[in-house]
Q: 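Supplied in structure tokens, the structure appears directly below.
As the structure lists them, so they are numbered: ligands from 1, and atoms in each ligand from 1.
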Amino acid sequence: MTNVADEVMRLFAEKGSDAYFGENVSNLEHSLQTAALARQAGVADTLIAAALLHDIGHLLHGFGEDIADRGIDARHEVAGEAWLRTRFQPATTEPVRMHVDAKRYLCRIDYEYAQNLSPSSLLSLKLQGGPFSDAEMREFESRPWHAEALLLRRWDDAAKIPGLNVPGLDTYRDILGRAAFVKTPDQRFSV
Ligand code: FE
């Protein structure tokens, strides 16, 4: 059986060197910087795994890096969550699924946050529906894992520093293993 950590390593090896949309770091560099910030914060392995894997949808969808420039929202958080769902626990998959909504939420409640978004993040915000309305904001706050999604979002936004020296992908093998989904006897025969 293929090990989940091996699958992740392979995806990053194949596609991780692609540029991270409109930023001066690659997808892999961006993911490693996000994960490093999570590790520094001392959070659970499942959330560190979420930080590392939050943009895995970009590696899966096969669109070019200029996708937002072309006015397309690839819904990378949905593609990412669908791939992760069969491999990781909800404590990993849910913050990933909600990390775009977390940006829309933070733009609604935090003026300074919105001011400091990078130009490409602002462009994708528009495609993603813009800041939340009052009702959307309250609905977001009622969801499980929203606090974790907000933490992930802050690391995500800070993880765009060209040339920053951070631990490599191999550092995360054990963490990925511990965050992986463990099927209970009842779930073994379900899809
Ligand atoms: Fe990201």
Q: Which pairs count as side-chain hydrogen bond (donor to acceptor under 3.5 Å, both in side chains) when at least one residue sits in residues 45-55, sequence neighbours excluded?
A: Tyr20-Asp55, His30-His54, His30-Asp55, Asp45-Arg178, His54-Asp156, Asp55-His76, Asp55-His99
Q: In this structure, which one of His146, Glu139, Glu141 forms a side-chain hydrogen bond (donor to acceptor under 3.5 Å, both in side chains) with Arg143?
A: Glu139
Q: Check this for me: Gln115, atom CD, are more than 12 non-hydrogen atoms of other residues, nucleotides or ligands nearer than 6.0 Å?
A: yes
Q: Tyr172 ring centre to Arg39 NZ or CZ under 6.0 Å, with the angle to the axis within 45°?
A: yes
Q: For Asp157 and Tyr113, test the side chains for any donor-to-acceptor distance below 3.5 angstrom and give the result as yes or no.
A: yes
Q: Below 2.8 Å of the Fe ion (ligand 1), tally up the protein N/O/S atoms for me.
A: 5
Q: Would you say the ring centroid of Phe88 lies under 6.0 angstrom from that of Phe181?
A: no
